[in-house]
Every structure is written in C-alpha cells, then in structure tokens.
Trainee: 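Questions regarding the structure given below will be posed in turn.
Both backbone and side-chain heavy atoms feed into the values below; hydrogens, waters and symmetry mates do not. One-based numbering along the sequence shown.
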Amino acid sequence: MSWISKTFSSSIGRKIVMAITGLFLCSFLVVHLVGNLQLFKDDGGQAFNVYSHFMGTNPLIRTVEWVLVLGFGFHIYESIMLTLRNKKARGANYTSSHAEQNSPWQSRNMGLLGTIILIFLLVHLYNFFYRARFGDLDPDINNNDDLYTLVATSFKQLWYVVLYVAAQIALGYHLIHGFRSAFQTLGLNHRKYTPAIKLVGYGFSVLVSAGFAAMPLYFYFFK
C-alpha cells in the first residue's frame with residue numbers, strides 16, 4: 001500500500017477528505033441557493049426556467065456536475081467509514097462516557113443528520129434533476145422546459161414540503177458542526193480566529209438552510 005493510500009485510509013486522512021469535500025459542497029449550496037432564488041420572482045417562472053435551461057445546457061456546468069457527483073460520493077463514503085470506525089473505537093465504553101456532556105448534540109449525531117439529508121437528496125434528485133434532464137416537460141412561453149411548474153406543483157404536496165423543511169433543519173445542524181470542523185481539520189484553528197470562523201459558520205448554516213426551507217413554504221402557503 002502506497003503512502004497516499006495509507007494516508008487517506010487513516011482517520012486523519014479521511015477527515016481531510018471530509019473537510020475538503022465539505023467546503024466544496026458548501027460553495028455548491030451557495031450557488032444553488034442563489035440560482036433558486038429566481039423562484040421568488042413574480043414573472044410566472046420565466047427567470048427560473050432561463051436559469052435552469054442555462055444550467056442544463058452549458059458544457060462547463062455539465063462538466064462541473066461530475067465533479068460535484070464525485071464530491072458528494074467521497075463525502076458520503078468517508079463519513080460512513082469514519083462513523084463505523086468511531087463506533088468500533090468507542091465500543092462498550094461509549095454508554096458510560098457521558099458524551100452528551102462533552103460535545104454538542106449535532107457533533108454526536110452527524111451520521112443521523114447525514115442520513116436524513118441523503119434520503120432527501122435521493123428524492124429531490126429524482127423529482128427535479130432526473131425529470132428535468134430525462135423527463136418530458138412542457139415548454140414555457142420562451143420554449144424552455146417549464147421546470148417552474150414542476151417545482152410549484154411539487155411544493156403543493158404536504159409530504160414533500162415536510163420532507164424538504166425537515167431536511168433543511170438537518171442540513172443546518174450538519175453545517176453548524178461541519179463548517180467549523182472542516183477548518184479545524186485543515187489546521188486553521190487559532191484562539192484568535194476560531195471564534196470568528198464559528199460565528200461565520202453559524203450564520204452560513206442558518207442563512208443557507210432557511211433560504212432553502214423558505215422555497216417550499218412560500219409555494220405551499222402563498223402561491
């Protein structure tokens with residue numbers, strides 16, 4: 001086994017991969033949220049459909065999608081490996097270690113939060129991404145696929161709104177712990193800067209999760 005495989009199969013190596021892919025996925029969340037804010041424009045969905053058409057046909061974006069898939073894949077795989085390794089290391093002593101007194105709830109339940117997000121992601125990808133790319137959507141007045149109508153229809157279903165909002169709450173908690181931990185793993189841990197990183201992490205987590213959660217709530221209650 002080479003030093004590279006040894007490094008990235010170790011706990012610290014896996015944490016580094018988690019940190020790098022996690023921060024990359026944070027940047028994706030920002031881009032995705034900004035684009036989806038087109039849903040709030042009172043134009044019958046034209047701006048959102050133009051944005052969706054661009055994202056679905058631009059060669060550069062299509063290439064980046066594969067990088068994104070790899071980012072999600074590595075992040076999910078490494079999180080599972082770390083969770084299993086940590087459970088094995090704790091063993092029977094975990095039940096008497098009073099972990100709740102030593103770490104916040106979200107840091108002890110990243111596996112649970114990640115599972116909720118993964119379930120939502122699979123449903124979300126099928127409902128929007130798959131149907132947008134491989135389905136047969138009607139065109140809008142500009143002859144773009146009318147993804148806006150699909151979004152509006154989906155967000156009129158209570159079960160989907162509940163799942164979406166619950167996933168964003170899980171995402172918020174996941175980010176609160178993950179954002180700070182990523183910087184700490186990469187060695188950016190200093191008594192002078194860590195409080196600022198933690199504060200930015202809280203703000204980022206709340207704004208992103210609230211921004212996404214606002215979309216289904218807006219369509220369900222106001223459209």
Trainee: Could you pull out the closest heavy-atom pair between Leu175 and Cys26, with the gap in Å?
Mentor: CD2-SG, 3.9 Å
Trainee: Applying side-chain contact (heavy atoms from CB on, under 4.5 Å) to Asp42 and Lys223, what does each step give before you reach the verdict?
Mentor: CA-CA 10 Å; Asp42 190 19; Lys223 294 294 287 185; 4.2 Å; yes
Trainee: How long is the span from the CD1 atom in Ile197 to the CG atom in Leu199, to the nearest 0.5 Å?
Mentor: 11.0 Å
Trainee: Can you measure from CD1 (Ile20) to CG (Leu186) and round to the nearest 0.5 angstrom?
Mentor: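 One finds 6.0 Å between CD1 of Ile20 and CG of Leu186.
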Trainee: Could I get the full list of ring pair (Phe, Tyr, Trp, His ring centres under 6.0 Å) partners for Tyr126, not counting sequence neighbours?
Mentor: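 Applying ring pair (Phe, Tyr, Trp, His ring centres under 6.0 Å) to Tyr126 gives Tyr130.
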Trainee: For a 4.5 angstrom cut-off between non-hydrogen side-chain atoms, does Phe219 reach Leu39?
Mentor: yes
Trainee: Going only through I, L, V, M, F, W and Y residues with side-chain contacts under 4.5 Å, is there a path from Val206 to Leu171?
Mentor: no
Trainee: Indicate whether the side chain of Asp145 and that of Asn49 have a donor and an acceptor atom separated by less than 3.5 Å.
Mentor: no
Trainee: Does a side-chain heavy-atom distance below 4.5 Å link Asp138 with Thr149?
Mentor: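 Side chain of Asp138 against side chain of Thr149, heavy atoms only: no contact under 4.5 Å found.
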Trainee: I'd like to check the salt bridge (Lys or Arg N to Asp or Glu O under 4.0 Å) partners of Arg62; sequence neighbours left out, ordered by chain and number.
Mentor: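 With neighbours one apart ignored, the set is Glu65.
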Trainee: Would a 4.5 Å heavy-atom cut-off, applied to side chains only, mark Gln46 and Asp146 as touching?
Mentor: no
Trainee: Looking only at heavy atoms, what is the nearest atom pair of Lys41 and Ala47, with distance?
Mentor: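 Closest pair (atom of Lys41, atom of Ala47, distance): CD-CB, 3.7 Å.
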Trainee: Quick check for you: to the nearest 0.5 Å, what is the distance between Ser154 atom OG and Trp159 atom CH2?
Mentor: 8.0 Å
Trainee: His53 and Thr57: which non-hydrogen atoms are nearest, and at how many Å?
Mentor: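 Looking at all heavy atoms of both residues, the shortest contact is O-OG1, 2.7 Å.
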Trainee: Is there a side-chain contact between Asp140 and Tyr148 in this structure, where contact means two heavy atoms from C-beta onward sitting under 4.5 Å apart?
Mentor: no
Trainee: If you group Ile, Leu, Val, Met, Phe, Trp and Tyr by side-chain heavy-atom gaps below 4.5 Å, do Val50 and Ile61 land in one group?
Mentor: no
Trainee: Phe120 and Leu158: same hydrophobic cluster, using ILVMFWY side-chain contacts below 4.5 Å?
Mentor: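 Yes, Phe120 connects to Leu158 through the hydrophobic network.
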Trainee: Do Phe129 and His124 have ring centres separated by under 6.0 Å?
Mentor: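 Centroid distance Phe129-His124: not below 6.0 Å, so no.
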Trainee: Which heavy atom of His174 sits nearest a heavy atom of Leu113, and at what distance?
Mentor: N-CD1, 3.8 Å
Trainee: Roughly how far apart are Leu125 CG and Arg133 CZ, rounded to 0.5 Å?
Mentor: 10.5 Å
Trainee: Under 4.5 Å between side-chain heavy atoms, hopping through other hydrophobics if needed: is there a path connecting Phe128 to Val123?
Mentor: yes
Trainee: Side chains of Leu25 and Leu68: closer than 4.5 Å at any heavy-atom pair?
Mentor: yes
Trainee: Does the ring centre of Phe24 sit less than 6.0 Å away from the ring centre of Phe28?
Mentor: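 No - the distance between ring centres of Phe28 and Phe24 does not fall below the 6.0 Å cut-off.
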Trainee: Is any side-chain heavy atom of Phe74 closer than 4.5 Å to a side-chain heavy atom of Tyr77?
Mentor: no
Trainee: Do you know which two heavy atoms are closest between Asn58 and Leu60, and how far apart they sit?
Mentor: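 Result for this residue pair: OD1-N, 2.9 Å.
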Trainee: Could you walk me through whether Asn36 and Phe48 pass the side-chain contact (heavy atoms from CB on, under 4.5 Å) check?
Mentor: CA-CA 7 Å; Asn36 282 1; Phe48 179 73; 3.7 Å; yes
Trainee: Could you go through the side-chain contact (heavy atoms from CB on, under 4.5 Å) check for Phe179 and Lys198 one step at a time?
Mentor: CA-CA 8 Å; Phe179 191 91; Lys198 186 176 181 180; over 6 Å; no
Trainee: How far does CD of Gln168 sit from CZ of Phe212, to the nearest 0.5 angstrom?
Mentor: 6.5 Å
Trainee: Quick check: do Ile76 and Met18 have side-chain heavy atoms less than 4.5 Å from each other?
Mentor: no
Trainee: Kindly state whether the ring of Tyr173 and the ring of His177 have centres lying under 6.0 angstrom apart.
Mentor: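 Between Tyr173 and His177, the centre distance exceeds or equals 6.0 Å.
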Trainee: Can you confirm if the aromatic rings of Phe155 and Tyr164 lie within a centre distance of less than 6.0 Å?
Mentor: yes
Trainee: Taking C-beta and beyond as the side chain, do Phe204 and Val30 meet within less than 4.5 Å on heavy atoms?
Mentor: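 Of all side-chain heavy-atom pairs linking Val30 with Phe204, at least one is under 4.5 Å.
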Trainee: Kindly give the heavy-atom pair with the smallest separation between Ala167 and Ile116, and that separation in Å.
Mentor: CA-CG2, 4.2 Å
Trainee: Count the heavy atoms of every other residue, nucleotide or ligand shown that sit under 6.0 Å from CG of Asn142, and state whether that count exceeds 12.
Mentor: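 Yes, CG of Asn142 has more than 12 neighbouring heavy atoms, counting only those of other groups under 6.0 Å.
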Trainee: Shared ILVMFWY cluster between Tyr218 and Leu33, side chains joined below 4.5 angstrom?
Mentor: yes
Trainee: Say you draw a straight line from OG1 of Thr21 to CZ of Phe72; how long is it, rounded to the nearest 0.5 Å?
Mentor: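 It comes to 10.0 Å.
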